[in-house]
Amino acid sequence: MEMKIEGACDPKLYESYIYEEWMKSGYFNPDNLPGNRKENYIVYMPLPNVTGSLHMGHTLDNTFQDLVIRYHRMRGYKTLWLPGTDHAGIATQYVVEKQLKKEGINRFELGREKFIERVWEWKKEYGGIILSQLQKLGCSADWSRTRFTMDPEYARDVQDAFIHYFEKGLLYRGFRTVNWCTRCGTSLSELELEYKEEETKLWHIKYSDDVIVATTRPETMLGDTAIAVNPSDERYKHLIGKKVMLPLMNREIPIVGDEMIDKEFGTGMVKVTPAHDSVDFEIGERHKLPMIQVIDGRGRMTKDAGVYEGKKANEAREEVVKKLEEGGMLVKTEPYKHNVAVCYRCNSVIEPIPSAQWFLKMRELADSAISAVKSGDVKIHPERFEKPYFDWLSNIRDWTVSRQIWWGHRLPVWFCANDEKKEKFVVTKEKPSECSFCHSCEMEQAPDVLDTWFSSALWPFAGIKEEDKKNYYPGNTLITARDILNLWVARMIYSGIEFKNAIPFKDVLIHGTIMTKDGKRMSKSLGTGIDPLQYIEQYGADVTRFAVVWQATGQDIRWDETAVIGGKKFLNKIWNATKFVLANKKEGDEKNVPEGNTEADKKILEGIKQLKQGVTQDIETFEFSKALHDIYEFFWHSFCDEYIEVAKTQMQNEGQKEGTQEILMYALRESLIMLHPFIPFITEVLWKEGIKDKTPLIIHQW
RNA sequence: GGGCGAUUAGCUCAGCUGGUUAGAGCGUUACAUUGACAUUGUAAAGGUCACAGGUUCGAGUCCUGUAUCGCCCACCA
């Protein structure tokens, strides 16, 4: 195919054609890059969820990544941008469950195996959408290496990691009060929680004349197993060791002293419900308190809740309050505002529920992630994001890695089927042929799957061919939004250190978040999202990329549509300036840097030199927006408005004509080179079809 | 409760280690235009740089405080 550079600029005419040319060239794959490239430059793409479709966040994120990749490719690096998708356990399961709901069935009716099949079907149909959208955006990732976190090789590495941690003694099974989503029916880690402010009440309940507690959750009192006060509290310290009768349940519970209790809050006395509050659980551990579970995994009262059995927790709350009031035990009710935890995926209220889970000891791993940044081996840009990173890692608690959902990496854990208590298990990849405990049963695999982040933490090295692991680890730069700094980036860092004995990347770039024009978060469910595909469709990928980078100055972005118009105009300018230069081209042009005769010549040549230095430095320091603004300024004003106008006159003068033509071409070439990482399509098409340089711009020397 | 960020032209934002008339895009106004481009050119209007103090020869830029907005973290039950 060949196209002429004429008429008006129309990205529709060349973007898909150019992308096909790149794909055919194979240059996205570092192994195919020409020349003697010794040094790697690797970017691991933050895995989009298979449930995802391209939104503004991805657009910014991936444009930046493509930009650094293209820049380094032109600089002669062996560039690998590794793409993939994340199976996104809870998110994907939720989507498929919703789909089933429309058909009037739930996953339990379908059964585990059939359900998983459905998810795979779903993945097959929709899971690749996001990647094709990234291709529309012009992303030059090595699609031949695309990975999915549930690919067999990836799954094997995940299991290996689990076994490694277990054998090292970092992974253990425990029975604890954990965050539990009653809708999804699974445990969650603290990073998977979101908080919503809720107007509720603080009920002051009299357990005895001496004991009055304040609580926001009166229904959990049914499971109280102690009262706690601060041992230094003069008002109450004499009560420690005494007992008190638990109202409604007629159970005697002890009064204990615990440093954790804030004397200032409420009455300074706290009801302790180890089964339904993680703090209370810890108090319970310290004082060897029994645990009474009154709420089950579906958010309903258990048989230990007595007459409230079977009721929903919030119904039970009302009834408990009523009962206490009737009994004269409710001494005060005050309005109270606090944050309730909800599931990040389905927004349902989180219940702390006791259950058997698998935990990863974090202290040692977190420390390695801390030192990686403290030592400067990994640099976080901007630097201020180091603080939340250190804060989280310093105060980290063991990570609940097991999830009670079906879609995900199954734990390589096998239980003895004859052991009702589920205490006898082995950790191994393959199902043991014989049970080493009873020597008679078929061992049963643990039903749990791993937290999705357990597998994504291994992303930079999991699932690739052995030789790739050797050649393409570690990487260089990780570009992402701030919300997954701890959720994911920190975990990749210690995982890299743990499994590969090397940090996975040197630089972490945290970019701003794109918000609506009034500063609201873009969200599909709120209807505040702006679809980047509409821009790609209407104006092309280059314009979309331009608009994003133009605005991405480092702060959060209040999305301004007019930047798109600016991009459209700029592309038009480039197109037309190129037409002009081509029309005035000298036959048999050379690539040497021209000398320059006139003042204007010298000025433009100096301008190019300065600009190139500046832009190079800006890209190296992740100042992409500044670089783009500077090239824009140069191209439009210095080159088009000033030099091209002067050139028209200079070309009338036979003595200056050739020199001017050379400079026009040189300035155009340099501009296209510098612009290519930002707006790759138009620059490539003008390079190939206009200038007719034989070396594709994508691999042309910067 | 703690931390972080923001507050500069009508709108969205740049202004690094303090130094001549504070910049850009979009918008607005006037004029121009068959000549690469009207998705254009030239020119212009438009800002007491949130507020109050302070440091300095000099502050949008540094310090202190206040206000408003946004984000994150937090085991006040």
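Chain naming here is simple, since letters A, B, ... match the order of the sequence lines and numbering starts at 1 in each.
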Checklist entry - Paired with A77(B): which nucleotide, if any, by Watson-Crick or G-U wobble criteria at under 3.5 Å for both distances? => result none
Next on the checklist: Are more than 12 heavy atoms, taken from residues, nucleotides or ligands other than E318(A), located less than 6.0 Å from that residue's CD atom?
Outcome noted: no
Item to check | Given A36(B), C75(B), A14(B), the nucleotide with the shortest approach to the side chain of K579(A) | outcome: A36(B)
Next on the checklist: Within the 4.0 Å heavy-atom criterion, would you say D641(A) contacts the bases, only the backbone, or no part of the nucleic acid?
Outcome noted: sugar-phosphate
Checklist entry - Contact class for E645(A) (heavy atom, under 4.0 Å): base, sugar-phosphate, or nothing? => result base
Checklist entry - Does the base of C37(B) carry an N or O that pairs as donor and acceptor with the side chain of K573(A) under 3.5 Å? => result yes
Checklist entry - Which value, in whole Å, describes the distance between the P atoms of nucleotides A50(B) and U61(B)? => result 8 Å
Item to check | Distance, rounded to the nearest Å, where N572(A) contributes CG and G41(B) contributes C1' | outcome: 14 Å
Next on the checklist: Rounding to an integer number of angstrom, what distance separates G53(B) and C16(B) when you compare their P atoms?
Outcome noted: 25 Å
Checklist entry - For G65(B), what is the paired nucleotide under Watson-Crick or G-U wobble rules, both distances under 3.5 Å? => result C51(B)
Next on the checklist: I need the CG-P distance between N395(A) and A74(B), as an integer number of Å.
Outcome noted: 9 Å
Next on the checklist: Under 4.0 Å, heavy atoms only, any strand: does L202(A) hit a base, just the sugar-phosphate, or nothing?
Outcome noted: nothing
Next on the checklist: For F64(A) and H511(A), take the angle between the two ring planes, folded into 0 to 90°, and tell me which bin it lands in: parallel under 30, tilted 30 to 60, perpendicular over 60.
Outcome noted: perpendicular
Item to check | Sugar-phosphate, base or nothing in reach of A563(A), heavy atoms under 4.0 Å | outcome: nothing
Next on the checklist: Taking G46(B) as the reference, what is the distance to A52(B) when you measure between their P atoms (whole Å, please)?
Outcome noted: 23 Å
Next on the checklist: What I want to check is whether an N or O donor and acceptor connect the side chain of D560(A) with the base of G25(B) at under 3.5 Å.
Outcome noted: yes
Checklist entry - If you look at every strand shown and take non-hydrogen atoms under 4.0 Å, does K648(A) touch a base, only sugar-phosphate, or nothing? => result base
Next on the checklist: For a quick check of understanding: with a heavy-atom distance under 4.0 Å over all strands, which category does M515(A) fall into, base, sugar-phosphate or nothing?
Outcome noted: nothing
Checklist entry - Between U7(B) and C62(B), how far is it from one P atom to the other, in whole Å? => result 11 Å
Checklist entry - Contact class for W203(A) vs. all strands (heavy atom < 4.0 Å): base, sugar-phosphate, or nothing? => result nothing
Item to check | Nearest-angstrom distance from the residue atom CZ of R521(A) to C1' of C72(B) | outcome: 10 Å
Which donor-acceptor pairs under 3.5 Å do the side chains of residues 193-201 of chain A make with protein atoms, sequence neighbours left out?
none

Checklist outcome for this item: The Watson-Crick or G-U wobble partner of G58(B), with both key distances under 3.5 Å, is none
Item to check | Touch class at under 4.0 angstrom, heavy-atom based, for L571(A) against every strand present | outcome: nothing
Checklist entry - Given that both distances must come in under 3.5 Å, which nucleotide forms a Watson-Crick or G-U wobble pair with C16(B)? => result none
Checklist entry - With a 4.0 Å cut-off on heavy atoms, is Y632(A) in touch with a base, just the backbone sugar-phosphate, or nothing at all? => result sugar-phosphate
What side-chain donor-acceptor pairs closer than 3.5 Å can you find for residues 331-338 of chain A, not counting sequence neighbours?
unit_1: E334(A); atom_1: OE2; unit_2: H204(A); atom_2: NE2; d: 2.7

Checklist entry - Is the F570(A)-Y632(A) ring centre distance short of 6.0 angstrom? => result yes
